[in-house]
2 protein chains.
Amino acid sequence: MPSNIPRVKSPVYHVPVSTDLDDPRFTAFGLFAEAFTGLTNRFAAQFEEHRLSAVEFEVLMRLARSPGRRLRMTDLAGQTSLSTSGVTRVVDRMDRDGLVRREACPSDRRSSFAVITEAGVGRLDEVLPGHLELLQQWFIGQLSPAELDGMLGSLRKIRDAVNPCATAGTTEERPAA
Amino acid sequence: MPSNIPRVKSPVYHVPVSTDLDDPRFTAFGLFAEAFTGLTNRFAAQFEEHRLSAVEFEVLMRLARSPGRRLRMTDLAGQTSLSTSGVTRVVDRMDRDGLVRREACPSDRRSSFAVITEAGVGRLDEVLPGHLELLQQWFIGQLSPAELDGMLGSLRKIRDAVNPCATAGTTEERPAA
DNA sequence: GGTGTTTGTGTGACGGAGCAACTATATGCC
DNA sequence: GGCATATAGTTGCTCCGTCACACAAACACC
């Protein structure tokens, strides 16, 4: 309880800040951040029940949706928010745990693929229903169809502005640019 | 196997995944994530120009907006996405850098306050205008007033659902609950 | 075909953050 | 008052991810 802060005794003469600290734009982004981290925390809790971290889940997901259920390391890095060395290490761990294996690229001997294993598919299969439930419960289901629609439109605008290289991002490939 | 009749050209027979991997709800959240991380990356780049990390910026901001420009360590942890030990360490660093100082709590000798210093206020003052520009450029300005309004409404719904303890979150104090 | 450059990946060192354990203080209950 | 319990903060340990660098293979250009 901050009741013990001597409110009156010192009228606290602070050096002023030239920017308005209560500008609604700050709180707007704060809302964005709280909503996002709140969601990811909920999801992380469920991932953990299945012995997965959020990045591991994302890796499994991205691999499972890719043609041949495989992706070159660099491409995987591009699709996740990881550096290439980060991908190296995640794939190391997941390889050790049997969720993923490395496979040489026949056409470019520098490259290697990360391929999701049967065990990886199994694990994903195990997590997905619950994940979808959470997604529905805390995100989709909180909004009316119209609200959801508006939100997705706005998010897409922001995403396209801020992350132009991945215009088609999640599902499709990046444009020729 | 009638090897002379190549049934399909697809050589990869995968164990099926029972959940639809292309459920639009996945991509909806993917959009959310890409927009958010895109924004935070932009911001982080500017913070770095002023020798600040995102969490340090947030700490400065929270302290500057709090009565007496101070916050108990635990409260600071509650307002940020950090654990209490995380806060201890951030405050250590920022104290070392002169942006913040610790001050004993007179009424509870277990507690200590983190107080933003003049240098901290100065640093914040230095970052804020540019930060506000970025906020405007990549977030607020991307949306029409109506879109922004809708988005904030939706975000608030999600935030309130997912993070009920901080109903008034960013600016106000949590409710008595 | 050699040589320089670019690209794909892995590695060592480092820093940040969480958990669990610990200390010190406060509080409740008798 | 005296003890049990709860709370505030710090610290040791560990994991995870990045950066800078190393190395190998592909490519470009002459």
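For clarity, every value in this text was computed on a predicted model and none was experimentally measured. Scope of the values below: all heavy atoms of this structure, side chains included, with no hydrogens, waters or symmetry mates. A, B, ... follow the sequence lines: proteins, then strands. Residue 1 opens every chain.
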Mind calculating the distance between CZ (A:R89) and P (C:dG8) to the nearest angstrom?
-> 19 Å

Against the side chain of A:D108, the closest entry in C:dC19, C:dG8, D:dG17 is C:dG8

Could you work out which one of D:dT10, D:dA8, C:dT11 sits closest to the side chain of B:R72?
-> D:dA8

Separation of B:E48 atom CD from D:dC19 atom C1', in whole Å?
-> 11 Å

First of A:S81 and A:S107 reached from the 5' end of DNA chain D, by closest nucleotide | A:S81

Closest contact, heavy atoms only, A:L21 versus A:F26 = O-CD1, 3.7 Å

Could you state the CG-C1' distance from B:L76 to D:dT10, rounded to the nearest angstrom?
-> 15 Å

Interatomic distance, B:R102 CZ vs D:dT10 P [rounded to whole Å] | 4 Å

Presence of B:S111 side-chain N/O under 4.0 Å of D:dA8 phosphate oxygens OP1/OP2 = no

Sugar-phosphate, base or nothing in reach of B:S112, heavy atoms under 4.0 Å | sugar-phosphate

Passing candidate, side chain to side chain contact (heavy atoms under 4.5 Å, CB included) with B:M94, options B:V55, B:T117, B:L60 = B:L60

Quick one: which of D:dC19, C:dA26, D:dT11 gets closest to the side chain of A:S85?
-> D:dC19

Length of the CE-P vector between B:M73 and C:dA17, whole Å = 13 Å

Ignoring the backbone of B:V55, work out which of C:dG18, C:dA17, D:dG17 is nearest its side chain.
-> C:dA17

Whole angstrom value for the distance that separates C1' of C:dG15 from CZ of B:R96 | 11 Å

Anything under 30° is parallel, anything over 60° is perpendicular, the rest tilted; go ahead and classify A:F139 against B:F29.
-> perpendicular

Give a yes or no on whether A:E103 atom CD has more than 12 heavy-atom contacts from other residues, nucleotides or ligands under 6.0 Å away.
-> yes

In whole angstrom, what separates B:R93's CZ from C:dG15's C1'?
-> 8 Å

Separation of B:R110 atom CZ from D:dT10 atom P, in whole Å?
-> 13 Å

From the options D:dA25, D:dG17, C:dG8, select the nucleotide whose nearest atom is closest to the side chain of A:V90.
-> D:dG17

List the steps, then state whether salt bridge (Lys or Arg N to Asp or Glu O under 4.0 Å) holds for B:E147 with A:K157.
-> CA-CA 11 Å; B:E147 285 175 321; A:K157 282 188 181 182; 2.9 Å; yes

